[in-house]
Asks: 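Got a structure for you, written out below as structure tokens; questions coming shortly.
Chain naming here is simple, since letters A, B, ... match the order of the sequence lines and numbering starts at 1 in each.
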There are 2 protein chains.
Amino acid sequence: MADVAAIAGVSGQTVSRVVNGSPRVDPATRRRVERAMVELDYRPHRAARALRTGRTDTIGLVVSTLATVGNSRMLQAIAAAAAERGFALTVVTASGRDAVAQGFARLHEQGVDGAIVLNEATALARGVEVPRSLALVVVDSPPDDRYVVVQTDHAAGARAATAHLLALGHAAVHHLAGPAGSFAAAERERGWRDALAAAGIAAPEPLRGDWSSASGHAVTAALPADATALFAANDQMALGALRALADTGRHVPGEVSVVGFDDVADAAQYLPPLTTVRQDFDALGAAAVAALVGAIGGGRGEPLALTPVLVERASTAPPPV
Amino acid sequence: MADVAAIAGVSGQTVSRVVNGSPRVDPATRRRVERAMVELDYRPHRAARALRTGRTDTIGLVVSTLATVGNSRMLQAIAAAAAERGFALTVVTASGRDAVAQGFARLHEQGVDGAIVLNEATALARGVEVPRSLALVVVDSPPDDRYVVVQTDHAAGARAATAHLLALGHAAVHHLAGPAGSFAAAERERGWRDALAAAGIAAPEPLRGDWSSASGHAVTAALPADATALFAANDQMALGALRALADTGRHVPGEVSVVGFDDVADAAQYLPPLTTVRQDFDALGAAAVAALVGAIGGGRGEPLALTPVLVERASTAPPPV
DNA sequence: GTATCTGGAGCGTCACTATTT
DNA sequence: AAAATAGTGACGCTCCAGATA
């Protein structure tokens, strides 16, 4: 910066003003400074700025795993949204117990201005201390006044999926649920139960996987032989379920209908192409970043719930007669 | 830090030594300082340290897209390896032309110590200026003395896949290649050609997708009706190919055998479960981080090529008689 | 002399105050 | 009087040289 100031014939202070877009700079001076910056390929030093201002223009992302396609998609959306707003994105994977707390510690130490947490609502609620100095947005969480929540309306999506199957004439809809600790899994299960209850149908015992396609395959072995409709809590488990049904010679959708959740890119290529509930990951990621930037700026941060949409493909049909 | 020093009754300098694990500290003093740190919940201020030392203990990752499962897996592996070594990880997605250069600029400005680049070899080679002050590791690239290369031996994997199909008795093996700009795609295509040449078989014109399952589906429509074996450059395109074959009523593996590449987690759940070439993403990510840390430390950084392994599942069989 | 510790300077930036036009 | 610019110090840390036991 000193070099730029010297070349432009101004003080470092004026360079700082130009860099930060202060209005109190003479246009001619500004041009001169800008030319000098280009000439020297000057880049502001973020660490120095951070030391001085206390802000790093960096946001952190805490994610349990990137093994699920949904989390990857969220990361992608958040990275894009953060870049657009001039924020760097630091990623911390927090797997295992106490990991969220560790992830926070790591981010806090690194001095991020705020953090977005994916899918860790349960762990958070269970006594992880939320650093007060850190702006926080949690994606998919029960409401909590310690942070802003941005989410998909999982229950609504699950109701839509279940209602679709019931409308096709299925007498019962089984559920392949997500893992016990997950808020999204709980909400999707709730929506399924609600839709069945609204139709006066008793909910059968749900199968329970861990989001992975392998778990979907393993667990679907326990699906009753007379089941005609299965709603899986995500697309990957639905993929495993499709294979399990093929293993036992049950045709989809002729004998069993299957619905997923997420509308992952590959879902349209499954055999058969999967009817599923589409989450708008890009909008969700953008909303999470927007809410976080708002919270960093001292505002409240806008909470949001996006309603997902059912996408009908070839894995659902009326039950066999 | 000043507070810690005051409580422990030492100078700030001594606190610094304790934090940085200097051996020249009396054990009793160290204990005293550590107690004070705990008491005050002291965290070193990374920005201040970075300003002073010129190092940020942060590495950057430049990735074109996280839409492919392979890239997501690499990110996951790199994040874990970086965390283990005490480095923060900043992710930049660089899509489109000039994006890699932009990504570098962004990372450089943010002051990362080094960067890992995924899948951008072609763009890099095409005149992106590599900042000299930045340690650099590129995953999957032709050799280049501007950076360290860590890679899978794609050609060897492709040879193994093709040889497997030939050994089953197929008279020809078609190829569903990756996009034109990709080094990995080119290497896999080369391995396929080499294996065919070694068997004295002329290579048919390859189909060409963009890594996505949708492209695999679209492009496989052009597969000749008499084809009995297809080697796809990644698992997701193989998934699309499986559906395209099902569309036209060709049984896999009875009429057509299909091999993929990557051994993504879902590949074992495809219909049928996919024979594929397994990349060890975790080892590759760990090697990339190790090489980068070496390069940051002033060393040369160890280049590496991992040989992938064929995993036989149910999508390959002898050709129909 | 060796082991341990202290004091002071300065990294690049920006908020504040002072000065000039 | 208002607009534009300059000078100064401090953010928290670590390096260097020197002091103390």
Asks: Would you give a per-nucleotide map of nucleotides 9-15 of chain D, 5' to 3', where B means the base has a protein non-hydrogen atom under 4.0 Å away, S means only the sugar-phosphate does, and - means neither?
Replies: BBBBBBB

Asks: Which heavy-atom pair separates A:A81 from A:A286 by the least distance, and what is that distance?
Replies: CB-CA, 3.9 Å

Asks: Is the shortest side-chain heavy-atom distance between A:L89 and A:L61 below 4.5 Å?
Replies: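 They are in side-chain contact.
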
Asks: For the helix from C:dT2-D:dA21 to C:dT21-D:dA2, what is the angle between the axes at its two ends, each from 5 pairs, rounded to 10°?
Replies: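 Computed from the C1' atoms at both ends, the axes differ by 40°.
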
Asks: Are the side chains of B:P308 and B:D280 in contact, using a 4.5 Å heavy-atom criterion?
Replies: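 With C-beta onward as the side chain, the pair stays apart.
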
Asks: For A:F87 and A:V293, what are the C-alpha separation, side-chain angles and deciding distance, and is it a side chain to side chain contact (heavy atoms under 4.5 Å, CB included)?
Replies: CA-CA 9 Å; A:F87 279 77; A:V293 170; 3.9 Å; yes

Asks: What's the separation between atom OG1 in A:T53 and atom CG in A:N20, rounded to the nearest 0.5 Å?
Replies: 9.0 Å

Asks: Shortest non-hydrogen contact from B:Q110 to A:R46?
Replies: CA-CD, 3.2 Å

Asks: Extract all donor-acceptor atom pairs below 3.5 Å that involve side chains of residues 70-80 of chain A and protein atoms in other chains or at least two apart in sequence.
Replies:
residue, atom, partner, partner atom, Å
A:N71, OD1, A:N119, ND2, 2.8
A:N71, ND2, A:T65, O, 2.7
A:S72, OG, A:L66, O, 3.1
A:S72, OG, B:S72, OG, 3.1
A:R73, NH1, A:Q76, OE1, 3.3
A:R73, NH2, A:D282, OD2, 3.4

Asks: Separation of B:D26 atom CG from D:dT20 atom C1', in whole Å?
Replies: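 After rounding, the reported distance stands at 14 Å.
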
Asks: Between atom CZ in A:R24 and atom P in C:dC16, what is the gap in whole Å?
Replies: 15 Å

Asks: Do you see a donor-acceptor pair shorter than 3.5 Å between the side chains of A:D153 and A:T307?
Replies: no

